[in-house]
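These numbers come from a predicted model, not from an experiment. Note on naming: letters A, B, ... go to the chains in the order of the sequence lines (proteins, then strands), and numbering restarts at 1 for each one.
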2 protein chains.
Amino acid sequence: MELTPAEENYLKGIYGLEASGISPISTNELADLMQTKPASVTDMLKKLARKGMISYVRYQGVHITSAGKKKALEITRRRKLWEVFLVEKLRLHWDELAGLSDALEHISSPLLIQRMDEFLGYPKFDPFGDPIPNEYGEISSKPRVPVLELKIEQSAKIIAVSDNSSSFLKYLDKAGLFIGAKVLVLDKVDFDGSMELLVENKKRLFISKEVAANILTLPF
Amino acid sequence: MELTPAEENYLKGIYGLEASGISPISTNELADLMQTKPASVTDMLKKLARKGMISYVRYQGVHITSAGKKKALEITRRRKLWEVFLVEKLRLHWDELAGLSDALEHISSPLLIQRMDEFLGYPKFDPFGDPIPNEYGEISSKPRVPVLELKIEQSAKIIAVSDNSSSFLKYLDKAGLFIGAKVLVLDKVDFDGSMELLVENKKRLFISKEVAANILTLPF
DNA sequence: AGTATTTTTTAGCCATGACTAAATATATTT
DNA sequence: AAATATATTTAGTCATGGCTAAAAAATACT
């Protein structure tokens with residue numbers, strides 16, 4: 001079943017909310033997420049339900065179906081492969097991706113995606129460290145520990161960020177933090193949860209609790 | 001002035017007709033080209049005129065403005081750069097490009113296009129041998145002689161095709177003809193205009209007048 | 001339980017880009 | 001020059017994806 005770009009965007013949103021444990025999803029939550037009005041959401045839910053992507057009962061909220069889940073993973077795969085391309089091949093910057101991947105992820109061509117995957121060397125993670133679903137929608141995942149949960153003296157490698165907002169990404173860049181960077185916890189301040197890190201064995205850096213919670217690592 | 005994808009497609013069509021000498025362009029011609037109805041064309045012409053892309057007088061047909069020309073060249077540039085990418089990097093085939101470039105050419109991002117140009121090594125021609133406008137809309141062109149106009153014993157290199165239809169491209173592929181191939185005219189049949197060629201110094205090939213007219217060469 | 005509040009849906013409208021059918025302008029023919 | 005034919009435009013309709021305002025359902029409160 002073919003979806004319009006708008007339908008695909010809603011489906012991504014529904015999948016994301018459901019994956020983060022919110023279930024059933026309310027019309028208002030979805031309206032909030034999609035930056036639109038509840039009345040528009042109701043319209044769209046009817047369309048997605050008619051196409052078998054969600055199960056939707058009036059006033060009872062939304063659940064994604066397995067067909068919907070599969071489609072959402074397909075869209076996510078397209079988006080993330082494009083993101084890898086934009087960063088690795090075109091040398092775009094973290095915070096320059098959003099608008100472009102929003103457009104590119106809706107181009108539906110199995111051939112294109114298969115070739116792109118091959119061209120990129122079958123990447124397993126996007127530039128933010130999130131896993132890329134394979135062509136069957138399977139996700140290979142590693143344990144991810146927020147910097148905030150690391151102990152003093154513990155070392156880890158940054159493997160992902162859990163906030164893709166432009167302001168956060170710009171901050172990380174300026175602070176010298178990136179996917180793959182090694183960090184060592186020098187100090188934790190109990191009072192406010194802030195931390196002092198040693199980045200790449202050379203640079204000392206203070207970060208707030210909020211920042212520490214959004215940087216995900218693989219501990220050594 | 002931002003154009004919708006539909007407006008961009010019409011503008012490309014208008015530019016193409018005008019470049020091929022048809023001027024002013026009639027509503028019917030455009031409807032024919034765009035595979036739509038004259039009434040829809042009239043609607044669209046009003047929109048494009050309001051946006052300064054064309055000059056349009058009721059019942060008098062269409063002329064493209066310099067702003068429209070510039071925009072059309074920009075869209076063409078985007079398309080052709082994507083086509084180079086799809087063929088050179090993703091190893092797609094001539095006849096697999098159409099649908100994809102139709103979608104990709106509407107993604108408007110100067111940064112993306114600039115980086116893509118750089119990544120591809122500033123290509124001057126698309127996979128069909130047509131020149132790619134530079135960022136100022138300038139086109140570098142070479143003389144192009146249809147195979148049909150070559151004389152017996154004359155050698156030339158295939159540099160372009162003037163018909164991008166899937167059926168023609170598949171035929172060329174099957175016949176072993178491609179951009180860059182060397183051809184030598186062995187014989188010309190006056191009666192029907194058909195020709196016999198020697199391709200790449202090894203393979204003999206008979207082609208019809210229609211085919212010969214649509215293969216463009218740079219004679220040695 | 002009965003009222004008040006919040007959430008959700010319905011109803012009706014807007015713009016885009018298509019369409020058909022009817023009206024009008026231009027071209028051609030006699 | 002008038003009649004006919006062709007081309008083009010207008011008017012009204014449809015689907016998509018938004019919106020607002022009003023109605024209806026679910027939830028919360030006294």
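Of the candidates D:dG17, C:dC19, C:dT9, C:dT9 carries the atom nearest the A:Tyr56 side chain, counting heavy atoms from C-beta on. The B:Gln60 side chain lies nearest to C:dT26 when the options are D:dG17, C:dT26, D:dT8. Each of D:dG17, C:dT8, D:dT9 was ranked by its minimum atom distance to the side chain of A:Asn28; first place goes to C:dT8. For A:Tyr10, counting side-chain heavy atoms from C-beta on, the closest listed nucleotide (C:dG17, D:dT9, D:dG18) is D:dG18. Residue A:Thr4 has its side chain nearest to D:dT16 when only C:dG17, D:dT16, D:dC19 are considered. Here the nucleotide nearest the side chain of B:Ser40, chosen from D:dT8, D:dG17, C:dA18, is C:dA18. Proximity note for A:Ala39 (side chain, C-beta onward) versus C:dG17, D:dA21, D:dT16: the nearest is D:dA21.
Applying side-chain contact (heavy atoms from CB on, under 4.5 Å) to B:Ile14 and the options B:Leu33, B:Ile22, B:Ile54 leaves one that passes, B:Ile54. Just one of A:Ser162, A:Pro131, A:Pro219 meets the side-chain contact (heavy atoms from CB on, under 4.5 Å) condition when paired with A:Arg144; it is A:Pro131.
Separating the CD atom of A:Glu2 from the P atom of D:dT16 is a distance of 14 Å, rounded to the nearest angstrom. Atom CE of B:Met34 and atom P of C:dG17 are 11 Å apart (whole Å). Straight-line distance from the NZ atom of B:Lys46 to the P atom of D:dT9: 8 Å, rounded to whole Å. If you measure from atom NZ of B:Lys37 to atom C1' of C:dA21, you get 13 Å, rounded to the nearest angstrom. We find that CG of B:Leu45 is positioned 15 Å from C1' of C:dT16, with the value rounded to whole Å. To the nearest angstrom, P of D:dT16 lies 8 Å from CD of A:Glu7. Here the P atom of nucleotide D:dA23 and the OH atom of A:Tyr59 are 13 Å apart, to the nearest Å. Computed from coordinates, the B:Met44 CE to C:dA18 C1' distance equals 9 Å when rounded to whole Å.
By the 6.0 Å and 45° rule, A:Lys89 stacks over the aromatic ring of A:Phe119.
A salt bridge is absent between A:Lys69 and A:Glu18; no separation between the charged side-chain nitrogens and carboxylate oxygens falls under 4.0 Å.
An OP1 or OP2 oxygen of C:dT10 is reached within less than 4.0 angstrom by a side-chain nitrogen or oxygen of A:Arg58. Here A:Thr36 does not reach the OP1 or OP2 of D:dG17: none of its side-chain N or O atoms lies under 4.0 Å away.
Residue contacts shown for B:Thr42 include a base, since a base heavy atom lies under 4.0 Å away.
Counted by atom type alone, A:Ser26 and A:Asn28 present zero donor-acceptor pairs between their side chains at under 3.5 Å.
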